[in-house]
Amino acid sequence: MADIINPENEEDLQSQIEEVEALSSIYGDEWCVIDEASRIFCIKISSDSKEQKLTACLQIILPPDYPSAAPPIYQINAAWLRGSERAKLANSLEDIYVEHAGESILYLWVERIRDFLVEKSHSSGSVIQQEKVNITAEEEVEDDEYVPDFNVLRENTEKTHLFMDQANDEEIPPIKHGTPITDRRSTFQPHLAPVVTPRQVKIVLEKLYENKKIASATHNIYAYRIYCEDKHSFLQDCEDDGETAAGGRLLHLLQILDVRNVMVVVSRWYGGILLGPDRFKHINNCARNILMEEGYVASTDEACKLGAKTKRPKSKKTK
């Protein structure tokens, strides 16, 4: 059966077609169509610097109501882009969307990312090399070999409200800091905050990055789950921040524990010794500990007692 196109979205679809044609003409082979029907595209952006060439891959899904009412859903893949700098770039893309709401903005986004790469590559070669040292062998991923998970982007379409929420008067949620775990000179510390909107997620991250120690962490992995009462569904997302697969594992933990309206960030300071799979264990243990401390999850002893109380008594057999 052919897809039924909502008449209200016909103008958006036409705008998308024209924009994609223009971008394909401008960027040539750099612009890649992943799935035309699902409106999924990808472009590899580079700084074109001879001294210090940096690249990033921008993956995009165009929702049906883009550009009239929703921004593109996007993901930026770059092994060297982490922490406060990733947040800074995301903020600049959000500013472009807000300034040009209702307009086609992909070209502006691509060129903003390119400008960011140029600025980064010209700032200091030694700084970039030092950042590459901080990406340990157990986490390093070649950009060219990265296979984007567009299913994750599809599942998180509702995240577009992150860009549309302009409520700047929201208070900073209270942020709790948990007990650090240290193993072979690597230190892991959890942070937790109650959140009920994507905007609050952003506010919490910005507040954490104001702390120089947290901002200097090798990785700041996070995950959050927000329950939408009206839709009876969860708005959730995660971020690896260079620690490959750690964000997804952290989000999976939150799902298993069935927590809601909470965000957990785990900072890792790499100590120079590879931990292998143990690093994931420490990240999840940190997260679970602070969730228990703040009352989101029952402690093991309480869970056992609760389980004992709720056990159904065995019915007596009738003769």
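For reference, positions follow the sequence shown, starting with 1. Note: hydrogens, waters and symmetry copies are ignored here, and every other heavy atom, side chains too, is used.
- If you take CD on Gln189 and CD1 on Ile290, they are separated by 8.0 Å, rounding to the nearest 0.5 Å.
- Using modelled atom types, no side-chain atom of Asp241 and backbone atom of Tyr222 make a donor-acceptor pair closer than 3.5 Å.
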**OP:** Go through Glu85 and Lys88 one step at a time and tell me if the salt bridge (Lys or Arg N to Asp or Glu O under 4.0 Å) criterion holds.
**Re:** CA-CA 5 Å; Glu85 293 208 322; Lys88 178 183 176 182; over 6 Å; no
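- Proximity of a side-chain donor or acceptor of Glu294 to a complementary backbone N or O of Tyr296 within less than 3.5 Å is not detected.
- Clustering ILVMFWY residues whenever any of their side-chain heavy atoms sit less than 4.5 angstrom apart, transitively, puts Leu251 in a cluster other than the one holding Val266.
- Side-chain contact check for Thr182 and Thr187: at least one donor-acceptor pair (N or O, by modelled atom type) lies under 3.5 Å.
- Judged by distance alone, the side chain of Ser15 and the main-chain N or O of Glu11 form a donor-acceptor pair under 3.5 Å.
- In terms of modelled atom types and a separation under 3.5 Å, the side chain of Asp240 and the main chain of Ala245 share a donor-acceptor contact.
- Within the model, atoms CG of Leu62 and CG of Leu13 stand 10.0 Å from one another, a figure rounded to the nearest 0.5 Å.
- The side-chain heavy atoms of Tyr224 and Leu254, taken from C-beta on, include no pair separated by under 4.5 Å.
- The aromatic rings of Phe188 and His282 are tilted relative to each other, their planes meeting at an angle between 30° and 60°.
- Taken together through direct or relayed side-chain contacts under 4.5 Å among Ile, Leu, Val, Met, Phe, Trp and Tyr, Leu253 and Ile181 form parts of separate hydrophobic clusters.
- For Gln14 and Glu18, the side-chain atoms include at least one donor-acceptor pair closer than 3.5 Å.
- Atom OH of Tyr27 sits about 5.5 Å away from atom CD1 of Ile43, to the nearest 0.5 Å.
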Original post:
Given Arg249 and Ile283, is the side chain to side chain contact (heavy atoms under 4.5 Å, CB included) satisfied, shown in steps?
Top reply: CA-CA 9 Å; Arg249 289 169 182 256; Ile283 291 167; over 6 Å; no
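- With Glu19 contributing its side chain and Leu106 its backbone, the two residues share a donor-acceptor pair below 3.5 Å.
- The hydrophobic clustering, which links ILVMFWY residues whose side-chain heavy atoms are closer than 4.5 Å, places Tyr66 and Ile76 together.
- At least one side-chain heavy atom of Pro72 sits under 4.5 Å from a side-chain heavy atom of Ile105.
- For the pair Leu275/Lys281, no side-chain contact is recorded, criterion being any heavy-atom separation below 4.5 Å from C-beta on.
- Atoms CD and CD1, from Glu103 and Ile96 in turn, are 11.5 Å apart once rounded to the nearest 0.5 Å.
- Residues that satisfy the side chain to side chain contact (heavy atoms under 4.5 Å, CB included) test with Asn211, not counting sequence neighbours, are Lys213, Ile214.
- Cluster annotation: Val110 and Ile60 are assigned to the same hydrophobic cluster (Ile/Leu/Val/Met/Phe/Trp/Tyr, side-chain heavy-atom contacts under 4.5 Å, transitive).
- At a threshold of 4.5 Å between side-chain heavy atoms, the hydrophobic network of Ile, Leu, Val, Met, Phe, Trp and Tyr places Leu108 and Leu117 in one connected group.
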**OP:** Before giving the answer on salt bridge (Lys or Arg N to Asp or Glu O under 4.0 Å), spell out for Lys176 and Glu293 the whole-Å C-alpha distance, their side-chain angles and the decisive distance to 0.1 Å.
**Re:** CA-CA 10 Å; Lys176 303 293 183 179; Glu293 289 168 7; over 6 Å; no
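- If you take OH on Tyr107 and CZ on Arg112, they are separated by 14.0 Å, rounding to the nearest 0.5 Å.
- Atom NZ of Lys120 and atom CD1 of Ile113 lie 15.5 Å apart (nearest 0.5 Å).
- With Trp109 contributing its side chain and Leu93 its backbone, the two residues share a donor-acceptor pair below 3.5 Å.
- A salt bridge between Asp183 and Arg279 is absent, with no side-chain N of the basic residue lying under 4.0 Å from a carboxylate O of the acidic one.
- Residues Pro64 and Asp12 are not in side-chain contact: their nearest non-hydrogen atoms beyond the backbone lie 4.5 Å or more apart.
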